[in-house]
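What follows is a set of notes on a single structure, which appears directly below.
Just so you know, these numbers come straight off a predicted model, no measurement behind them. Per chain, numbering begins at 1; letters A, B, ... match sequence-line order. Any value given below was found using the heavy atoms of this structure, including those in side chains, with hydrogens, waters and symmetry copies removed.
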Amino acid sequence: MAIKIYNTYSRQKEEYTPLHPDVTGFYTCGPTVYDYFHIGNARAFIVFDMIRRYFIYRGYRVRYVMNLTDIDDKIIKRANEQGVDSAEIAEKYAAAFFEDIQKLGIRPADVYPRATDHIEEIQALIAKLIEKGVAYESGGDVFYDVAKFPAYASLSGKNLDQLQSGARIAVDERKHNPLDFVLWKAAKPGEPKWPSPWGEGRPGWHIECSAMSMRYLGETFDIHAGGQDLIFPHHENEIAQSSAATGKEFARYWLHNGFLDIRGEKMSKSLGNFITVRELTKQYSAAVVRLFFMQKHYRSPVDFTEEGLQAARASSRRLTEAWRKITAAAGDALPLASADEAGAAKAFVETVFRLQRDIQTAMDDDFNTPAAVGKLFDLVREANRFIDSGVSSEEERRAVATVLAHMEGYDSFLGVIDHSAGDVDSERVGKVLDTILHLRSQLRQEKNFALADRIRDELAASGVIIEDSPEGPKWRWKN
RNA sequence: GGCGGCGUAGCCAAGUGGCUAAGGCGGAGGUCUGCAAAACCUCUAUUCAUCGGUUCGAUUCCGAUCGCCGCCUCCA
């Protein structure tokens, strides 16, 4: 069974087949690094991270490319406000981006190309478009001539006449057509600039994605992803630029994630409901945030609420607790390859494998994570029940180990289990020990030295040394 | 105006032309427990916005109506 993907271009689900059998080329529009990114961006990054990782789970090799837009009007504006160089702004927020995606459990891309590192490729592409007669230069700017590309707007299903009649675009009389978009922008005084055949300037926004995706994935590649708002005009323009330049199909499958509202309202700075991932991850772990999104289909709109996050936190705790319990019960037993080897635990292991098929079926159907997560909860209930009824034989332990192996597999793309909850060496331990020491102090005040000493001895056996100092009790690890 | 999507229990959310309409959160009761927590069990939608149509049969297909949302401008 193949993975089926909803392709925005055809508006239907299609069976996925890679262009080259050995590798899937996957490009996602990344951030413009002018500010900390917000939870709307986070959804896109998380969802495409999941899709990429599901491909890997299913045995595909994936080359995953995400661009960083590090030169653009918003960056220049921010730099001017702060009186610093635009490169400094870009560098700062690029660093913040990497920190934040790490906190969301997002696996790094294979390549993070930046626009300013690819000026040469961008200029070569623009030159090619001029040469082919689909772009024109005017006063230091270069525009794409939309009328020269008959398939324009086929991704978004719009038609040119309607677009023009409804256009709210400020008229620039240098354009042949109001929909023409800029490929190269002449520098105004004080703006960052690069030399070019058309004068000093900088690339337009859309061209970088064409140039860099072709550079790292080839002229035609498999998957191109981004938010629904990018369908028009950004992806439309990418297609126009790339196909016109190469005469080939650009991306084969177009994936777009649904938008996110906050308490039923669009997120915006003026409404004061702008939530950055920086703030969010102070309160919620990657597992919680990811589970929140995984319980919704990636193409559906999502309403982001505190209550929803609380519910996700409770659900995540259930998964994580089960994972710990299963890990403990499995011990070092090896997972089973089929239910036939399960002996007395056969019925249980059959259920485990049935759920595995169910989860794969759900995921293969355009990444139906809500259905898959539902089955994961079924698995957890079955496993809890099995373990509660007593696990003693090797067969039983291997059955549990099978559940564990499956769960780890699902989590390799979902990322909804908090594995750090199993870490011994964390600040949680400190808090726990503080509580113990506090209670032990009370016992000592009550002259219950027998019990107090026993606590000290038993902790010592666990590798924790207690010392009663004049400043109060202290603890340290043995060695 | 054009294009696209949505309306399933208190909340979130899958789903299928016909077997009991997943799962999670929340809530109620129970088992276990010194207490608590966790876990497990039972219950929490005679019904899938409304009205028509197709069909032996529709929540699922078609049409209409109402309501909500996104894109058409930088935006994940």
Parallel, tilted or perpendicular, judged at 30° and 60°: which one describes the rings of [X] and [Y]?
{"X": "Trp254(A)", "Y": "Phe250(A)", "value": "tilted"}
{"X": "His235(A)", "Y": "His256(A)", "value": "tilted"}
{"X": "Phe26(A)", "Y": "Phe48(A)", "value": "perpendicular"}

Q: Give, ordered by number, those residues of residues 69-80 of chain A having at least one heavy-atom distance below 4.0 Å to an atom of RNA chain B; if nothing qualifies, reply none.
A: Lys74(A)
Q) Within the pair Lys266(A) and rA76(B), is there a side-chain N or O less than 4.0 Å away from OP1 or OP2? A) no
Q. Looking at Tyr6(A), is Lys4(A) sitting on its ring face, NZ or CZ under 6.0 Å from the six-membered ring centre and within 45 degrees of the normal?
A. no
When you compare [N] with [M], how far apart are their [atom1] atoms, in angstrom units rounded to a whole number?
{"N": "rU73(B)", "M": "rG2(B)", "atom1": "C1'", "value": "16 Å"}
{"N": "rG67(B)", "M": "rU59(B)", "atom1": "P", "value": "24 Å"}
{"N": "rC35(B)", "M": "rG30(B)", "atom1": "P", "value": "14 Å"}
{"N": "rC25(B)", "M": "rA37(B)", "atom1": "P", "value": "16 Å"}
{"N": "rU65(B)", "M": "rG7(B)", "atom1": "C1'", "value": "14 Å"}
{"N": "rC72(B)", "M": "rC61(B)", "atom1": "P", "value": "29 Å"}
{"N": "rA21(B)", "M": "rC48(B)", "atom1": "P", "value": "12 Å"}
{"N": "rG27(B)", "M": "rA14(B)", "atom1": "C1'", "value": "22 Å"}

Taking the six-membered ring for Trp, are the ring centroids of [X] and [Y] within less than 6.0 Å of each other?
{"X": "His406(A)", "Y": "Phe353(A)", "value": "yes"}
{"X": "Tyr253(A)", "Y": "Tyr16(A)", "value": "yes"}
{"X": "Tyr112(A)", "Y": "Tyr216(A)", "value": "no"}
{"X": "Phe149(A)", "Y": "Tyr152(A)", "value": "no"}
{"X": "Phe143(A)", "Y": "Phe181(A)", "value": "no"}

**Q.** Trace of the salt bridge (Lys or Arg N to Asp or Glu O under 4.0 Å) decision for Arg114(A) with Glu91(A)
**A.** CA-CA 11 Å; Arg114(A) 302 183 189 209; Glu91(A) 200 42 59; 3.3 Å; yes
Q: Assign a letter to each nucleotide of nucleotides 10-16 of chain B from its 5' end: B, base within under 4.0 Å of a protein heavy atom; S, sugar-phosphate only; -, no contact.
A: --SSSS-
Counting side-chain heavy atoms from C-beta on, which of [options] comes nearest to [X]?
{"X": "Asp388(A)", "options": "rC40(B), rA39(B), rA76(B)", "answer": "rA39(B)"}
{"X": "Phe377(A)", "options": "rG70(B), rG23(B), rC41(B)", "answer": "rG23(B)"}
{"X": "Lys158(A)", "options": "rA39(B), rA22(B), rC3(B)", "answer": "rC3(B)"}

Give the rounded distance in Å between these two atoms: [atom1] of [X] and [atom2] of [N].
{"X": "Tyr34(A)", "N": "rA76(B)", "atom1": "OH", "atom2": "C1'", "value": "11 Å"}
{"X": "Ile207(A)", "N": "rC74(B)", "atom1": "CD1", "atom2": "C1'", "value": "18 Å"}
{"X": "Lys325(A)", "N": "rA37(B)", "atom1": "NZ", "atom2": "P", "value": "16 Å"}
{"X": "Ile326(A)", "N": "rA39(B)", "atom1": "CD1", "atom2": "P", "value": "12 Å"}

What is the pairing partner of [N], taking Watson-Crick or G-U wobble pairs with both distances under 3.5 Å in any strand?
{"N": "rA39(B)", "result": "rU31(B)"}
{"N": "rG26(B)", "result": "rU44(B)"}
{"N": "rG7(B)", "result": "rC66(B)"}
{"N": "rU20(B)", "result": "none"}
{"N": "rU54(B)", "result": "none"}

Q) Between Arg11(A) and Gln310(A), which is nearer to the 5' end of RNA chain B once each is assigned its nearest nucleotide? A) Arg11(A)
Q.
Judged by each residue's nearest nucleotide on RNA chain B, which is more toward the 5′ side, Ala314(A) or Phe48(A)?
A. Ala314(A)
Would you indicate what [X] reaches in the nucleic acid, counting non-hydrogen atoms under 4.0 angstrom: base, sugar-phosphate, or nothing?
{"X": "Arg299(A)", "value": "nothing"}
{"X": "Ile231(A)", "value": "nothing"}
{"X": "Arg385(A)", "value": "sugar-phosphate"}
{"X": "Gly226(A)", "value": "sugar-phosphate"}
{"X": "Asn384(A)", "value": "sugar-phosphate"}
{"X": "Leu260(A)", "value": "base"}
{"X": "Arg318(A)", "value": "sugar-phosphate"}

Q) Has the side chain of Asp261(A) got a donor or acceptor atom that lies under 3.5 Å from a matching backbone atom of Phe304(A)? A) no
Q | Step-by-step side-chain contact (heavy atoms from CB on, under 4.5 Å) determination, Asn448(A) to Gln442(A) | A | CA-CA 9 Å; Asn448(A) 191 343; Gln442(A) 203 154 330; over 6 Å; no
